[in-house]
Colleague: 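Structure below; questions to follow.
All values below come from the heavy atoms of this structure, side chains included, with hydrogens, waters and symmetry mates left out.
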Amino acid sequence: MDAYAKQLGQPIDLLRKMERVCEHLVCDAETHFLRLGPSVFNLVHLYEKYHPDVIQLCDISGNVIKFSDISKVPCPVVHRMSDFWPYHGARHYSDVPPQKLDLAEHLLKSTIFSGHHLPDMRVAPSEWLANALKDDGICMIRNAVAWQANIKPRQRPRQPLRLGFIADPITLPRKGFLNLSRLLAEVSHRWGKIAIDLFGRITPSEIPDIPGVEVKVHGAFSRAQRSSVYAGFDILLCPSRLDNSPNVLTEALAYGVPVIAQSNTGMNSYVTPYFGALIDFYGEHSTAVTDLVLAIEYLTSNFAQASLAALDYVTQELCPEVIGEQYLDLYAKLVSASRQTSYLLKGD
């Protein structure tokens, strides 16, 4: 059930917009702490209507469900997390919980999530996210990605080498493009002429002039355009510090595109040396440049093997069938434990 479709055109949709405006005015676009009206879905009513064995929460917010309902349904509840919120604060992308209770945190605890009523299991798509919460009741299952059997591995990089960067908007701070653009001029000086294709929204005044680098802006793209997007560059750059598992990374791998990603993030759970590299884009400038150049040299010198390895990794580790089996195993264990607990409580 899709919360956006459920509330579209309804009075509750206006409340959701009012909540977002208030959050923007008080804090920023990535802080969620307010519920002015009822949740979109009532878990108790859903259970009474469908009698599910398991309730799976996906990309939810505190406005989609009422967290206290979790303890009222007699079946296991699983939440696949997409970021840190709400389990250690109102900020979607903050790996460090706030040290003191400010207004946003107070309202979060008052209106959305008090810290109680946890799901029976939370699923983190990366070890980084699971470890950051440091709680029991968390397991790691990677995100699945759709793939097409007719995608062939790349054979050789282009000249000039075409790098790809995807974010919407492109200059979203946590995505790291501004920092990346400062590295590329020196990378070009040491490597040779390179090109970077930017996909996402950006104003003309924000487009950097990088010596030795051809910068081409394409704008945002639709799902139907993914194949042509990923076919357009040789290596995807993912310098984001706070993404637990960017969809663009797994999609790139599904099209045989090698990746260079930020180390010590959720991307560590997805990138191996066979088809990618993990570096610190935010370290000391000269070190970051050197690491980026070495990563480019390594991937381009083993380009065909890296592209093939990316496709093999997707089909063997990230395809929906493999990830689906992991979820089914989790559901079976939770349902079995739930029924055993129910049996003991009844004393039968």
Colleague: Testing the basics here: between F113 and P86, what is the closest heavy-atom pair and its distance to 0.1 Å?
Modeller: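 Closest approach of F113 to P86, heavy atoms only: CD2-O, 3.6 Å.
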
Colleague: Do N42 and K66 touch side chain to side chain, with heavy atoms closer than 4.5 Å?
Modeller: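 In short, these two side chains do not touch, never coming nearer than 4.5 Å.
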
Colleague: Is V215 linked to F199 within one hydrophobic cluster, defined over Ile, Leu, Val, Met, Phe, Trp and Tyr using a side-chain heavy-atom separation of less than 4.5 Å?
Modeller: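 No.
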
Colleague: Are Y274 and Y313 near enough that their ring centres are under 6.0 Å apart?
Modeller: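 Centroid separation for Y274 and Y313: 6.0 Å or greater.
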
Colleague: Hey, mind stepping through Q225 and S228 against side chain to side chain donor-acceptor pair (under 3.5 Å) and telling me if it holds?
Modeller: CA-CA 6 Å; Q225 296 172 306; S228 61; 6.0 Å; no

Colleague: Output yes when R91 and E105 qualify as a salt bridge under the 4.0 Å nitrogen-oxygen rule, no when they do not.
Modeller: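 Salt bridge: yes.
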
Colleague: Count I, L, V, M, F, W, Y as connected when their side-chain heavy atoms are under 4.5 Å apart, and connections chain through other members. Are L308 and I235 then in the same cluster?
Modeller: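 No, L308 and I235 fall in different hydrophobic clusters.
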
Colleague: Would you call D291 and D280 a side-chain contact if the rule is heavy atoms closer than 4.5 Å?
Modeller: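 Answer no - side chains too far apart.
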
Colleague: Just by modelled atom types, is the N247 backbone N or O under 3.5 Å from a matching donor or acceptor in the T250 side chain?
Modeller: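 Answer holds: yes.
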
Colleague: Going from CD1 on I166 to CG on L236, what distance comes out if it is rounded to the nearest 0.5 angstrom?
Modeller: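 The CD1 atom of I166 sits 5.5 Å away from the CG atom of L236.
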
Colleague: So do L334 and V54 actually touch side chain to side chain, heavy atoms under 4.5 Å?
Modeller: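 A side-chain contact is absent here, since even the closest heavy-atom pair is not under 4.5 Å.
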
Colleague: Do the side chain of D243 and the main chain of G266 share a donor and acceptor less than 3.5 angstrom apart?
Modeller: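 Not a single qualifying donor-acceptor pair exists.
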
Colleague: Is any side-chain N of the basic residue among D168 and R201 closer than 4.0 Å to the acidic one's carboxylate O?
Modeller: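 Result for this pair is yes, salt bridge flagged.
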
Colleague: For residues Y50 and I55: do they belong to one hydrophobic cluster (side chain heavy atoms under 4.5 Å, members Ile, Leu, Val, Met, Phe, Trp, Tyr)?
Modeller: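 Shared cluster, yes.
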
Colleague: Going from CG on N179 to CG on L184, what distance comes out if it is rounded to the nearest 0.5 angstrom?
Modeller: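 N179 atom CG to L184 atom CG measures 9.5 Å (nearest 0.5 Å).
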
Colleague: Is the side chain of R142 donor-acceptor paired with the backbone N or O of S269 at a distance under 3.5 Å, no angle test?
Modeller: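 Such a contact is found between R142 side chain and S269 backbone.
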
Colleague: Are any non-hydrogen side-chain atoms of N268 and T265 less than 4.5 angstrom apart?
Modeller: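 Yes - at least one pair of side-chain heavy atoms lies under 4.5 Å apart.
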
Colleague: Decide yes or no on side-chain contact (heavy atoms from CB on, under 4.5 Å) for N63 and I112, but give the supporting numbers first.
Modeller: CA-CA 8 Å; N63 303 323; I112 295 178; 4.2 Å; yes

Colleague: Look at the side chain of R20 and the backbone N and O of K17, then say whether any donor-acceptor pair between them is shorter than 3.5 Å.
Modeller: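 Not confirmed, R20 side chain does not pair with K17 backbone.
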
Colleague: Please name the pair of heavy atoms, one in F281 and one in L180, separated by the smallest distance, quoted to 0.1 Å.
Modeller: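 Result for this residue pair: CE2-CD1, 3.9 Å.
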
Colleague: Look at the aromatic rings of H88 and F84 and report parallel, tilted or perpendicular, splitting at 30° and 60°.
Modeller: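 Rings of H88 and F84: parallel, as their planes differ by under 30°.
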
Colleague: Within the structure provided, determine whether V322 and Q316 are in side-chain contact (heavy-atom separation under 4.5 Å).
Modeller: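 Side-chain contact under 4.5 Å: no.
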
Colleague: May I ask you to check whether H117 and S68 show a side-chain donor-acceptor distance below 3.5 Å?
Modeller: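 Judged by distance alone, the side chains do not pair up.
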
Colleague: Between E206 and I170, is there a side-chain heavy-atom distance shorter than 4.5 Å?
Modeller: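 Side-chain contact under 4.5 Å: no.
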
Colleague: Anything under 30° is parallel, anything over 60° is perpendicular, the rest tilted; go ahead and classify H79 against Y87.
Modeller: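 Tilted.
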
Colleague: Using a 4.5 Å cut-off on heavy atoms from C-beta on, say whether the side chain of V271 contacts that of L249.
Modeller: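 A side-chain contact exists here, since the closest heavy-atom pair is under 4.5 Å.
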
Colleague: Using a cut-off of 6.0 Å, state whether more than 12 heavy atoms not belonging to H285 lie near its atom NE2.
Modeller: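 Yes, enclosed.
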
Colleague: Say whether, by atom type as modelled, one donor and one acceptor occur between the side chain of S307 and the main chain of A304 under 3.5 angstrom.
Modeller: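 Checked: no pair found.
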
Colleague: Is L8 linked to M18 within one hydrophobic cluster, defined over Ile, Leu, Val, Met, Phe, Trp and Tyr using a side-chain heavy-atom separation of less than 4.5 Å?
Modeller: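 They do not share one cluster, since no chain of ILVMFWY contacts under 4.5 Å joins L8 to M18.
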
Colleague: Can you tell me how the ring of F165 sits relative to the ring of F177, calling it parallel under 30°, perpendicular over 60° and tilted otherwise?
Modeller: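 If you compare the ring of F165 with that of F177, the planes turn out tilted.
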
Colleague: Starting at CG of L46, measure out to CG of D69 and round the result to the nearest 0.5 Å.
Modeller: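 Result: 9.0 Å between the selected atoms.
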
Colleague: Under the 3.5 angstrom rule, does the side chain of T171 hit a backbone N or O of I202 as a donor-acceptor pair?
Modeller: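 A pair under 3.5 Å: no.
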
Colleague: If you take all heavy atoms of R190 and S286, which pair is closest and at what distance?
Modeller: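 R190 and S286 have their closest heavy atoms at NH1-O, 4.5 Å.
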
Colleague: Side chains of Q56 and Y331: is there a donor and an acceptor less than 3.5 Å apart?
Modeller: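 Yes.
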
Colleague: Between the side chain of Y230 and the main-chain N/O of A254, is any donor-acceptor distance below 3.5 Å?
Modeller: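 Pair absent, no side-chain N/O of Y230 close to backbone of A254.
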
Colleague: Please determine whether side-chain contact (heavy atoms from CB on, under 4.5 Å) holds for the pair I65 and I70, giving the CA-CA distance in whole Å, both sets of side-chain angles, and the decisive distance to 0.1 Å.
Modeller: CA-CA 9 Å; I65 67 161; I70 290 176; 4.2 Å; yes

Colleague: Would you mind reporting whether E23 and T31 have side-chain heavy atoms less than 4.5 Å apart?
Modeller: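 Heavy-atom side-chain distance check fails, nothing below 4.5 Å.
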
Colleague: Are K6 and D2 close enough for a salt bridge, meaning some N to O gap below 4.0 Å?
Modeller: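 No, K6 and D2 are not salt-bridged.
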
Colleague: Is it the case that the side chain of S263 and the backbone of L278 share a donor-acceptor pair, with hydrogens and angles ignored and the cut-off at 3.5 Å?
Modeller: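 No: the side chain of S263 does not pair with the backbone of L278.
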
Colleague: So, does S338 use its side chain to make a donor-acceptor pair with the main chain of P76 at under 3.5 Å?
Modeller: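 Side chain of S338 to backbone of P76, a donor-acceptor pair under 3.5 Å: no, none is there.
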
Colleague: Quick check against the 3.5 Å criterion: does Y270 have a side-chain atom that pairs as donor or acceptor with the backbone of N143?
Modeller: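 A pair under 3.5 Å: yes.
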
Colleague: Give, for atom CD1 of I141 and atom CD of Q326, the distance between the pair rounded to the nearest 0.5 Å.
Modeller: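 The CD atom of Q326 is 5.5 Å from CD1 of I141, to the nearest 0.5 Å.
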
Colleague: Please walk me through it: do V248 and C238 pass side-chain contact (heavy atoms from CB on, under 4.5 Å)?
Modeller: CA-CA 9 Å; V248 295; C238 287; 4.2 Å; yes

Colleague: Roughly how far, to the nearest 0.5 Å, is CH2 of W147 from CD of E321?
Modeller: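 E321 atom CD to W147 atom CH2 measures 7.5 Å (nearest 0.5 Å).
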
Colleague: If you look at every heavy atom in S188 and I194, which pair is closest and at what distance?
Modeller: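 Answer, listing the atom of S188 first, then I194: CB-CG1, 4.2 Å.
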
Colleague: Compare every heavy atom of I279 with every heavy atom of A295, then report the nearest pair and how far apart it is.
Modeller: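 Looks like CB-CG2, 4.4 Å.
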
Colleague: For K193 versus P160, what's the shortest heavy-atom pair and its separation?
Modeller: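 So the minimum-distance heavy-atom pair works out to O-CB, 3.3 Å.
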
Colleague: Among the clusters formed by ILVMFWY side chains lying less than 4.5 Å apart, do L34 and L108 turn up in the same one?
Modeller: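 Linked within one cluster.
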
Colleague: As an exercise, state the distance from CD1 of I323 to CG of L328, rounded to the nearest 0.5 Å.
Modeller: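 Atom-to-atom, I323:CD1 and L328:CG are 11.5 Å apart.
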
Colleague: Please determine whether side-chain contact (heavy atoms from CB on, under 4.5 Å) holds for the pair V293 and E297, giving the CA-CA distance in whole Å, both sets of side-chain angles, and the decisive distance to 0.1 Å.
Modeller: CA-CA 6 Å; V293 170; E297 289 178 346; 3.7 Å; yes

